[in-house]
Amino acid sequence: MTLEILVNGALRLLLLGAAVWLAMRIARVRNPHVEALVWRMVLIAGLALPALLYWRLAPSFATSLDLPVIAAAAEGGTNAPTATASTSWLTARALVAIYLGIALLLLVRLVSGLAAMWRVSRAARPMTIPDDVRISAQVRSPATFGTIVLLPAGAEAWPAERLDAILEHERAHVRSRDGYWSWLAQIHTAIFWFSPLAWWLQRRLETLAETTSDDAVVGARHDPVAYAALLLDFARHPNSRSVAMSVAESNVPERIERLLARVPPARALSRAARYAGFALLIPVVVFAAATTRAAPPAEPAATVATPPPASHAPVLPVRLKASVDPDNYYPAVAKHEKVSGNAVVEVDVDPSGQVVDARVLEVLPADPRFGFADAALQVAYKATFVNENPRVASMRFKVKFDLAH
């Protein structure tokens, strides 16, 4: 999977995220459970988009474009890159190395944190109460690691009201699988670390997880003011592990303000509503990964490069007589990186059908290191045309480079 596909996927997700954010603001969504479900769907979309783009699993819609197409499919031809392409190739390698270095650093940080917390949870002492609740001297405030609730040393001596409120909060994390979603968001951030949406999405999901767990505490008829004081107390002793959901490490001031305002707890979503939400994700992701392609016209259009003669004789179209074998012109760098592209070329053709000049009007991808512009010019000069006009005329066509499957 090339870096270009990852960037493409990140840009598509950024547009999707902006549309989702705007839609929720217009609909005035206030339920944190609903918002958490929506952003979890966006997270899954972000992880699925690169795969859909790479394997071309999403549909491709034809658009009207009155240009004939010369398709180039690379199957075995060779083409030595130019000096410019070689320089661009080195630059591309450097960018890939930088990307992989940062991505691996973030993944190693996640894996090392998970390993450290696993050792902490293994060494923790279980409490004789329902659910997997353990006591550990290595945590400074209550936290949830996966489905394990970790409490600091001395938690057995806490007043019943204090312990019940904390356990209600942590058990809400376990029910919602917030820890696992946090890890998935961190994997997404490691892959798309260059996208600001990835960092924002990770932080937003953690904030919503804490808010919904706070609502569970208030919904269990605990005093919100006393619970706010409890959050403030734990915020003075944060944990150092970013892979565990900690009771007082995310958005504490806003959460305390919400508790003091006595905002009624939001209603949790039913399982059917969550399943329905994720079912709606499938067409959204497919649409986000969709691409467009040019539909070949019924007849190639031609334009005249020079003014028509004074007699105003009708200008006949220039026609493509025969194209060359495109295999030998697929750019080597693009073939190596499995990148497809296309270029719009305009040629001037003399009455004998020979190309006297050619120029590239548009090329995608525009990055010159892929060499699509130069390859399209080679295809144009090697192709043959029919010009029934008594003077030089021109026509436009598209050269399409598409890797054979």
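We count residues from 1, following the sequence as given.
Between Phe372 and Phe370, the ring planes lie tilted relative to each other; the angle falls in the 30° to 60° range. Between Phe278 and Trp181, the ring-plane angle classifies as parallel under the 30° and 60° cut-offs. In this pair, Phe397 and Phe385 present their aromatic rings tilted. The plane angle is within the 30 to 60° band. Using cut-offs of 30° and 60° for the angle between ring planes, the Phe192 and His188 rings count as tilted.
Shortest non-hydrogen contact noted between Leu281 and Met41 is CD1-O, 3.2 Å. Annotation for Asp348 and Ser394: closest pair OD1-CB, 3.2 Å, computed over non-hydrogen atoms. Contact detail for Glu168 and Ala216: the closest heavy-atom pair is CG-O, 3.6 Å. Here the closest heavy-atom approach between residue Ala235 and residue Pro238 is recorded as O-CD, 3.6 Å. Of all heavy-atom pairs spanning Pro365 and Ser340, the tightest one is CD-O, 3.6 Å. The two atoms that bring Val349 and Val356 nearest to each other are N-CG2, 4.4 Å, heavy atoms only.
Look at Asp214 and Arg258 and you find no salt bridge, because none of the NZ, NE, NH1 or NH2 atoms lies under 4.0 Å from a carboxylate O. Looking at Arg93 and Glu337, a side-chain N of the basic residue comes within less than 4.0 Å of a carboxylate O on the acidic one, giving a salt bridge. Residues Arg40 and Asp178 are paired through a salt bridge, judged by an N-O separation under 4.0 Å between the basic side chain and the carboxylate. With salt bridges taken as basic N to acidic carboxylate O contacts below 4.0 Å, one links Arg319 and Glu388.
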Candidate pair Arg204 and Leu208, rule side-chain contact (heavy atoms from CB on, under 4.5 Å), full reasoning: CA-CA 6 Å; Arg204 187 59 184 166; Leu208 291 169; 3.8 Å; yes
List the steps and the verdict of side-chain contact (heavy atoms from CB on, under 4.5 Å) for Leu167 and Ile129. CA-CA 10 Å; Leu167 289 179; Ile129 58 177; 3.7 Å; yes
Check the pair Asp357 / Val347 against side-chain contact (heavy atoms from CB on, under 4.5 Å), numbers first and verdict last. CA-CA 6 Å; Asp357 191 21; Val347 293; over 6 Å; no
May I have the step-by-step check of side-chain contact (heavy atoms from CB on, under 4.5 Å) for Leu280 and Val284, ending in yes or no? CA-CA 7 Å; Leu280 291 174; Val284 172; 5.5 Å; no
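Of the possible polar contacts, none joining the Tyr227 side chain to the Val218 backbone as a donor-acceptor pair under 3.5 Å is found. Asn387 contributes a side-chain N or O that, together with a main-chain N or O of Asn389, makes up a donor-acceptor pair within less than 3.5 Å. Not a single donor-acceptor pair under 3.5 Å links the side chain of Arg262 to the backbone N or O of Pro224. Using a distance-only test at 3.5 Å, with no hydrogens or angles considered, no donor-acceptor pair links the side chain of Trp199 to the main chain of Thr189. Formation of a donor-acceptor pair under 3.5 Å by the Arg177 side chain with backbone atoms of Val174 is found in this model. One N or O on the side chain of Ser112 and one on the backbone of Arg109 form a donor-acceptor pair closer than 3.5 Å. Although no hydrogens or angles enter the test, the distance criterion places no donor-acceptor pair under 3.5 Å between the side chain of Arg396 and the main chain of Val344. A donor-acceptor contact shorter than 3.5 Å links the side chain of Asn239 to the backbone of Arg140. In this structure a side-chain-to-backbone donor-acceptor pair under 3.5 Å is missing from Asn31 to Ala266. Side-chain atoms of Trp118 never come within 3.5 Å of backbone atoms of Phe145 as a donor-acceptor pair (strictly under, hydrogens ignored).
Contact annotation: the side chain of Arg30 never approaches that of Glu35 to less than 4.5 Å [non-hydrogen atoms, C-beta and beyond]. At least one side-chain heavy atom of Arg12 sits less than 4.5 Å from a side-chain heavy atom of Asn8. No side-chain heavy atom of Trp193 sits under 4.5 Å from any side-chain heavy atom of Leu105. The shortest side-chain heavy-atom distance between Val339 and Glu4 falls under the 4.5 Å cut-off. Side-chain contact between Val149 and Asp132: absent, with no pair of heavy atoms (C-beta onward) separated by less than 4.5 Å. Side-chain contact between Leu197 and Trp200 is present, with heavy atoms from C-beta onward closer than 4.5 Å. By the 4.5 Å heavy-atom criterion applied to side chains, Leu231 and Leu259 are counted as neighbours. Looking at Ile191 and Tyr99, their side chains come closer than 4.5 Å, going by heavy atoms from C-beta outward.
Between Leu110 atom CG and Leu114 atom CG the span is 4.5 Å, to the nearest 0.5 Å. Rounding to the nearest 0.5 Å gives a distance of 5.5 Å between CG of Leu52 and CG of Leu57. Between Leu230 atom CG and His169 atom NE2 the span is 10.0 Å, to the nearest 0.5 Å. Note that CG of Leu11 is 11.0 Å distant from CG of Leu49, once rounded to the nearest 0.5 Å. Rounded to the nearest 0.5 Å, atoms CG (Leu184) and CD (Gln202) are 10.5 Å apart. Distance CD/Gln186 to CD/Glu206: 6.5 Å, rounded to 0.5 Å.
Other residues, nucleotides and ligands contribute over 12 non-hydrogen atoms within 6.0 Å of the CD atom of Glu156. Within 6.0 Å of CZ on Arg122 lie no more than 12 heavy atoms contributed by other residues, nucleotides or ligands.
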